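Heads up: the structure comes next, in structure tokens.
Given the structure is predicted, the values throughout are model-derived calculations rather than measurements. Numbers for residues simply follow the sequence, beginning at 1. Both counts, for ligands and for their atoms, begin at 1 and track the order of listing.
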Amino acid sequence: MEKIIVRGKTALSGRVKISGSKNAAVAILPAAILTAGTVFIENLPDITDVHTMICILENLGVSIRRRGKNALELTPSSIAKIAPSYELVKKMRASYYFMGSLLARFGRAVVPIPGGCDLGPRPIDQHLKGFSALGAGINIEHGMIKLSADKLVGARIYLDVVSIGATINLMIAAAAAEGRTILENAAKEPEIVDLANFLNAMGASIRGAGTDVIRIDGVNKFSGASHTVIPDRIEAGTFMIAAAATGGSVIVEDIIPKHLEATTAKLREMGVRVEVEPERIMVEGVESLLPADLKTFPYPGFPTDLQPPGMVLLTAAKGLSVITENVFDGRYNHVDELKRMGARIKVEGRTALIEGGIGLSGAPVAASDLRSGAALIIAALMADGESQITAVEHVDRGYENFEQKLIHLGASIQRVREKDYNIQSGTRD
Ligand code: EPZ
């Protein structure tokens with residue numbers, strides 16, 4: 001196990017290049033098996049979730065050739081099985097996208113029931129409702145979801161809850177179904193648009209991605225394709241918030257500012273100076289941040305994945321702020337850790353009250369998921385003294401070279417193996 005040691009009170013400054021989107025990449029890679037041709041994908045983030053996805057594909061029999069750190073070529077011509085490895089699949093929830101892609105390619109899939117995680121219950125009832133509407137039989141036994149369909153047939157599917165995962169899974173399956181599928185109340189995230197563009201490049205016929213009604217006319221043949229993954233809007237927003245929280249001045253580059261409108265608006269509402277240019281955003285922290293009400297919603301609302309970093313920022317705004325987490329039940333595991341650093345936060349159900357302006361002090365804290373891990377690192381940069389953040393493997397799942405990028409912005413941060421560092425003496429054993 002590794003941990004990150006941060007010496008606080010650092011105002012970040014400089015430029016940071018944003019990597020490709022984790023949540024687009026983990027949807028595009030499973031979708032690539034719809035074709036037996038060769039697919040070239042670039043701007044993949046170099047993160048453990050992508051590495052895991054690649055291992056799952058290789059385990060299925062897909063031949064993969066790396067083309068540099070952030071690009072690869074894959075040829076799914078000889079897939080040998082319809083059950084991805086359990087050991088690999090249980091590492092990441094997004095592997096459930098293989099339900100849609102294996103069903104689309106082979107009419108069968110056997111995928112473990114995805115684990116919950118620290119964001120509260122994460123059912124997949126909408127995925128299964130959609131697969132059955134497309135004609136798949138579903139059998140759940142011994143912790144496995146077994147799907148099979150002699151033929152997938154297009155259907156009109158209304159999602160009871162706006163779900164990125166269900167929208168993605170059903171778009172992939174419907175791409176190969178006979179006839180038209182209409183997904184209503186679909187999620188509108190940019191990652192869904194990126195996947196639709198990739199599927200269409202392979203020969204699919206998908207219209208309306210990015211709106212709440214997506215029309216998919218199934219096709220029975222997919223070709224190879226090339227695709228460049230969109231920038232990661234959550235990584236970009238994390239750095240924007242880190243700049244504001246540390247009172248620094250950072251230019252966040254290689255992004256699509258439109259994907260960050262809710263974050264830009266909220267930062268401006270808090271008094272942060274934000275300048276938007278075509279492919280970059282400059283954020284300048286200010287002495288006295290204003291408290292704010294922050295509510296998370298599906299895109300284009302404020303993203304739930306930026307709620308933990310957003311909470312850290314609000315601890316620096318003198319006065320009372322309120323966060324309402326509307327997407328997940330219980331996405332507040334980072335609160336207890338922030339309280340160990342002196343934050344004054346009270347959680348009531350989906351609402352968190354933050355009494356800001358108190359100042360944080362360094363402490364040993366633990367990450368519980370990748371976004372809370374990033375939030376705790378930001379808090380450590382703001383805090384007085386030294387912090388150590390354990391369970392940083394969570395952060396590695398979704399942030400490419402996170403601490404290197406922060407060091408480049410002036411942070412005093414290092415990664416050590418758990419047993420090598422003693423917080424009391426501050427030395428390696
Ligand atoms: C995606 O998860 C993201 N993951 C999450 O990012 C993100 O937090 C989440 O969307 C919300 O934006 C990936 O894209 C890989 P949902 P997903 O289905 O698809 C409920 C990160 O940090 N729901 O949109 O699992 C669900 O419980 C990760 O990068 C059902 O009730 O989220 C939740 O309350 C964390 N039934 C809400 O919908 C279902 O069948 C939104 O979930 C599906 C979902």
Side-chain angles (χ1 to χ4, degrees), residues 19-31 45 47-50 52-53 89 91-100 113-133 138 145 157-172 183 185-195 212 229-230 232-238 259 262-263 295-310 324-334 350 367-375 394-400 402:
S19 304
S21 162
K22 164 179 91 79
N23 291 346
V26 299
I28 287 164
L29 288 168
I47 55 176
T48 45
D49 272 11
V50 167
T52 302
M53 236 354 143
V89 163
K91 286 183 179 181
M92 59 182 289
R93 179 180 175 74
S95 36
Y96 62 13
Y97 294 142
F98 281 102
M99 289 195 285
I113 298 174
C117 74
D118 285 289
L119 309 182
R122 298 179 75 179
I124 59 165
D125 55 307
Q126 299 301 305
H127 301 238
L128 302 182
K129 176 181 107 168
F131 288 136
S132 120
I138 300 169
I145 305 170
I157 303 166
Y158 188 89
L159 293 177
D160 302 337
V161 58
V162 175
S163 159
I164 294 175
T167 303
I168 285 174
N169 236 336
L170 298 174
M171 196 160 74
I172 294 171
L183 287 183
N185 199 26
K188 302 185 276 194
E189 271 70 5
E191 293 77 32
I192 289 163
V193 177
D194 202 30
L195 172 67
D212 58 357
V229 176
I230 55 169
D232 193 313
R233 63 191 169 95
I234 304 299
E235 184 196 13
T238 304
H259 294 168
T263 306
K295 294 180 173 63
T296 66
F297 284 108
Y299 191 84
F302 190 91
T304 174
D305 293 343
L306 289 178
Q307 180 260 100
T324 311
E325 173 52 67
N326 290 311
V327 176
F328 287 111
D329 248 343
R331 186 176 201 158
Y332 285 133
N333 287 319
H334 44 291
R350 285 181 175 247
S368 52
D369 66 80
L370 73 157
R371 308 306 176 188
S372 68
H394 288 294
V395 177
D396 299 336
R397 288 190 49 194
Y399 289 96
E400 179 178 324
F402 194 50

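Close approach of ligand 1 to Lys22 is summarised as follows: ligand atoms under 4.0 Å from at least one heavy atom of the residue are 21 (C), 29 (O). For ligand 1, the atoms lying closer than 4.0 Å to a non-hydrogen atom of Phe328 are 8 (O), 9 (C), 11 (C), 33 (C), 34 (O). Of all the atoms in ligand 1, the ones that sit under 4.0 Å from a non-hydrogen atom of Thr304 are 8 (O), 11 (C), 12 (O). Against a heavy-atom cut-off of under 4.0 Å, Gln126 is close to the following atoms of ligand 1: 36 (N), 39 (C), 40 (O). Atoms of ligand 1 found under 4.0 Å from any heavy atom of His127, numbered from 1 in the order shown, are 40 (O). Atom numbering of ligand 1 starts at 1 in the shown order; those under 4.0 Å from a heavy atom of Ile124 are 39 (C), 40 (O). Atoms of ligand 1 found under 4.0 Å from any heavy atom of Leu370, numbered from 1 in the order shown, are 21 (C), 22 (O). For ligand 1, the atoms closer than 4.0 angstrom to any heavy atom of Arg122 are 2 (O), 17 (P), 25 (O), 27 (O).
Here the protein heavy atom with the shortest distance to atom 23 (N) of ligand 1 is Val161 CG1, 3.9 Å. Atom 35 (C) of ligand 1 has as its closest protein heavy atom Leu119 CD1, 3.6 Å. Protein heavy atom nearest atom 18 (O) of ligand 1, with residue, atom name and distance: Ser163 OG, 2.7 Å. In terms of protein heavy-atom proximity, atom 3 (C) of ligand 1 is nearest to Asn23 ND2, 3.9 Å.
Considering backbone and side-chain N/O atoms, Ile164 comes within less than 3.5 Å of an N/O atom of ligand 1. Annotation: Val327 places an N or O atom under 3.5 Å from an N or O atom of ligand 1; distance criterion only. The distance criterion of under 3.5 Å between nitrogen or oxygen atoms is met by Gly165 with respect to ligand 1. On a distance-only criterion, Glu189 and ligand 1 share no N/O pair closer than 3.5 Å.
For the pair Arg233 and Pro190, the tightest heavy-atom approach, listed with the atom from each and the gap, is NE-CD, 3.6 Å. Val26 approaches Ala94 most closely through the heavy-atom pair CG2-CB, 3.6 Å.
Residue contacts with ligand 1 include Arg93, since one of its heavy atoms falls under 4.0 Å from the ligand. A heavy-atom separation below 4.0 Å is found between Pro123 and ligand 1. Using a 4.0 angstrom heavy-atom cutoff, Arg331 counts as in contact with ligand 1.
When each of Arg397, Lys91, Arg93 is tested with Asp49 by the rule side-chain hydrogen bond (donor to acceptor under 3.5 Å, both in side chains), just one qualifies, namely Arg397. Partner of Gln307 under the side-chain hydrogen bond (donor to acceptor under 3.5 Å, both in side chains) criterion, chosen from Arg371, Glu325, Lys295, Arg331: Glu325.
Residue Ile234 does not touch ligand 1, judged by heavy-atom distances below 4.0 Å. With a 4.0 Å cut-off on non-hydrogen atoms, Asp125 touches ligand 1 through its backbone as well as its side chain. Under 4.0 angstrom from ligand 1, the non-hydrogen atoms of Tyr96 all belong to its side chain. Contacts with ligand 1 closer than 4.0 Å are made by side-chain heavy atoms of Arg371 only, the backbone lying farther away.
Panel note: side chain Lys129, backbone Leu159; no donor-acceptor pair is recorded below 3.5 Å. Between the side chain of Ser19 and the main chain of Pro45, no donor-acceptor pair closer than 3.5 Å is present.
Distances from atom 7 (C) of ligand 1 to the heavy atoms of Asn169, Asp232, Asp305 put Asp305 nearest.
Side chains of Phe402 and Glu235 form no contact here, defined as non-hydrogen atoms less than 4.5 Å apart. Two residues are said to be in side-chain contact when any heavy atoms from C-beta on lie closer than 4.5 Å; Leu29 and Tyr97 fail this criterion.
At a threshold of 4.0 Å, the pair Lys22-Glu191 does not count as salt-bridged, since none of the basic side-chain nitrogens sits closer than that to a carboxylate oxygen.
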